[in-house]
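Read through the structure below, which is laid out as structure tokens, and then see the notes.
Residue numbers begin at 1 in each chain, while the letters A, B, ... track the order of the sequences.
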Amino acid sequence: MKNEVIKAVREALKSLNLENIPDIEVEIPKDESHGDVATTIALNLARPLKKAPRKIAEDILINIKEAPGPFEKIEIAGPGFINFTYKKEYYIKRLEELLQKGHEFFRIDIGKGKRVQIEYVSANPTGPLHIGHGRGAAVGNALCNLLSSAGYDVEREFYVNDAGMQVKLLGLSVYTIYQQMSGNDIPFPENGYKGDYVKDISKEINDKAGNKYLSKPFEECEKVFTGFAYKKMLANISHDLREFGIGFDRWQSEKELFDKGTVKDAMERLKEKGFSYEKDGALWFRSTDFGDDKDRVVVKKDGEFTYFASDIAYHKEKLDRGFGTIIDIWGADHHGYIPRIRSVLRAFGLPEENFKVILVQIVSLLREGQPVQMSKRSGEFITLREVMDEVGADIAKFIFLTRRSDSHLDFDIETAKRESSDNPVFYVQYAFARISSIFKQAEERRIQGFRSSGVQDIDLTHLKEDDEISLIKKLLHYPMIFEGAVLSYEPHRITFYLQELARLFHSYYNKHRVLSEDNKLTSARLYLCKAVQIVLEEGLNILGVRAPERM
RNA sequence: GCGCCUGUAGCUCAGUCGGAUAGAGCAACUGCCUUCUAAGCAGUAGGCCGGGAGUUCGAAUCUCUCCAGGCGCGCCA
């Protein structure tokens, strides 16, 4: 919708001999009386040209007027806005195009097949997913869908921290419970994992192996316990994610990076390039050369790799696999890690703007307004599983996506459940279901001209009501919203748009009857509904939320 | 101590790249179902955009400073 405006303004500027213009900014005015699309170009040119913005606007306007194109009205308003209002025929034409192409209408190729790697969730396989992981999953999934719809070649990846202290601690916790179950009163490890799931795993090992490991110290059967435990948890995580509607193309094991020598190779590359040095018996990465605030140890005095070493290898491998853009979605508590990882990618040649970290803020879980204490170590936490069982995956996902990812989120389980009828997700889904219901009615009444014939046979110019035109405009705004969401990596913009669209539809539905005695009008309105449905579905698909035929 | 995020209506949050009179949902209050799903609609009310200073034609948005909340600053993972 904005393309026509940009084109018209650019040509007008050209005939004014103004060609070195950066971007022509176009926005959707808040107030409908300010036209359909507005540009602030005259305001922005005022300073460089040293001319009054209204004067610039007038000059532009004169040059556009010579070729008015699809516009009904072009006005200068306020300090120098140029407001464009399209002709009704234009809306009808675009609506028809939308209906003919369906979802294809929205396939704007922004990414041009560029390969993007998006890593999200990446929870330690030391316990079930909690609600915070759920938020990361919802955001990551929606972002992947968003970029993928925009023509990017997206790979979804989960990084499995299956090496190191944490999984070992899980193994030790399981081992300890296993011993205690048979009466060996050995002390529980400090910071060990205490949830019921640990006991379940211990029990399972006991059922399978009986007393086999009772007389053995942990060191001798570490691989069995740790390996069994984290694989169990990984299966649990993967299962919950699948049920939450989240999928991955690849699960990258950290352990594998060690086993295959990827970490060692990466350290050698650092050395070759002169990016590392030895000091105090340890090996350091010169990350300050690439914007970090201090250098980081990669190989400890005792010869062990640090956690950062495997992260270097991991991110380097992302580059080696040929991704031009790398996006990591992390919990906000990891923000201190950004300069470190950024320095790695810069060291290996990725332009800075091609690495993006999206921080997902902590979810504060409430029940009836009261905070629910969560601590993974003590085993007191609400799992994603419980939230799914209690409030449902669609509600949870939608709520996660009604906020910017970096803003705090209070998630009240009781509210999400009890007020389910007022829940925004239902509001949007309801609009979709209502339309389906209208279609069903139409078929039952055998209304002619719908589904039996194509759009080309329908006279959409019967859509004359202001509410109808507003609805069509809203539909045509979608590509602009979509583009903004893609470029800013902000899926929540889609969520807000969908609520606005649903609101317009519900309002329209209450004011005007779709099915009436007037067959031609009915057909036109049915197709308008169809268009609304297509856009609702398009948006809900990106959010990963179902679009139900009936509710 | 240093760094990052947040502060907008009673509550939860939007607010496009610095633009027009600051927006929505919930809660509150008033109405609307013989007719396509009332999980809905129409309306009323609600604001010192945390405080202060600055930048300019113009600031919720940018800069500085202060206040409040959250988080991060290991040869831990």
Per [X] side chain, nearest of listed nucleotides [options]:
{"X": "A:Asp333", "options": "B:rC41, B:rU12, B:rC71", "value": "B:rC71"}
{"X": "A:Arg403", "options": "B:rC36, B:rC41, B:rA14", "value": "B:rA14"}
{"X": "A:Phe496", "options": "B:rC13, B:rC36, B:rU37", "value": "B:rC13"}
{"X": "A:Asp406", "options": "B:rU35, B:rU6, B:rA20", "value": "B:rU6"}
{"X": "A:Ser507", "options": "B:rA42, B:rU37, B:rC36", "value": "B:rA42"}
{"X": "A:Ile438", "options": "B:rC13, B:rU16, B:rC36", "value": "B:rC36"}
{"X": "A:Glu25", "options": "B:rC17, B:rA20, B:rA14", "value": "B:rC17"}
{"X": "A:Lys301", "options": "B:rC75, B:rC17, B:rA77", "value": "B:rC75"}
{"X": "A:Glu27", "options": "B:rA77, B:rG40, B:rA20", "value": "B:rA20"}
{"X": "A:Lys30", "options": "B:rC75, B:rU16, B:rC5", "value": "B:rU16"}

Checklist outcome for this item: Assert: residue with more 5' nearest nucleotide on RNA chain B, out of A:Gly336 and A:Thr39, is A:Thr39

Checklist entry - In terms of the nearest nucleotide of RNA chain B, which residue is placed more toward the 5' end: A:Val299 or A:Gly78? => result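 With A:Val299 and A:Gly78 compared, the 5'-side residue is A:Gly78.
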
Next on the checklist: Salt bridge or not between A:Lys2 and A:Glu27? Use side-chain N to carboxylate O under 4.0 Å.
Outcome noted: no

Checklist entry - Is A:Lys271 paired with A:Glu268 through a side-chain N to carboxylate O contact shorter than 4.0 Å? => result no

Checklist entry - Angle class for the A:Phe71/A:Phe84 ring planes (parallel below 30°, perpendicular above 60°, tilted otherwise)? => result tilted

Item to check | Lys/Arg cation over aromatic A:Tyr337: A:Arg340, 6.0 Å, 45° cone | outcome: yes

Checklist entry - With a distance cut-off below 6.0 Å to the six-membered ring centre and an angular limit of 45° from the axis, does A:Arg434 pair with A:Phe505 as a cation-pi contact? => result no

Whether [X] contacts [N] is assessed here as follows: a side-chain N or O lying under 4.0 Å from the phosphate OP1 or OP2. Is that the case?
{"X": "A:Lys2", "N": "B:rU16", "result": "no"}
{"X": "A:Tyr508", "N": "B:rA42", "result": "no"}
{"X": "A:Arg404", "N": "B:rU6", "result": "yes"}
{"X": "A:His492", "N": "B:rG15", "result": "yes"}
{"X": "A:Ser407", "N": "B:rA14", "result": "yes"}

Next on the checklist: Donor-acceptor check, side chain of A:Asn423 to backbone of A:Phe426, threshold 3.5 angstrom: yes or no?
Outcome noted: no

Checklist entry - A:Gln429 near the nucleic acid: base, sugar-phosphate alone, or nothing, with a heavy-atom cut-off under 4.0 Å? => result nothing

Checklist entry - Between B:rC76 atom P and A:Asn191 atom CG, what is the distance in whole Å? => result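 Computing the A:Asn191:CG to B:rC76:P distance gives 15 Å.
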
Checklist entry - Hey, is the side chain of A:His335 pairing donor to acceptor with the base of B:rC5 inside 3.5 Å? => result no

Checklist entry - Between the base of B:rA77 and the side chain of A:Asp311, is there any donor-acceptor pair under 3.5 Å? => result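 Donor-acceptor pair under 3.5 Å: no.
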
Item to check | B:rC26: syn or anti, per glycosidic angle within 90° of 0 | outcome: anti

Checklist entry - Going by 5.5 Å between centroids and 30° between planes, is there a stack of A:His34 over B:rA20? => result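 Base of B:rA20: stacked against A:His34.
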
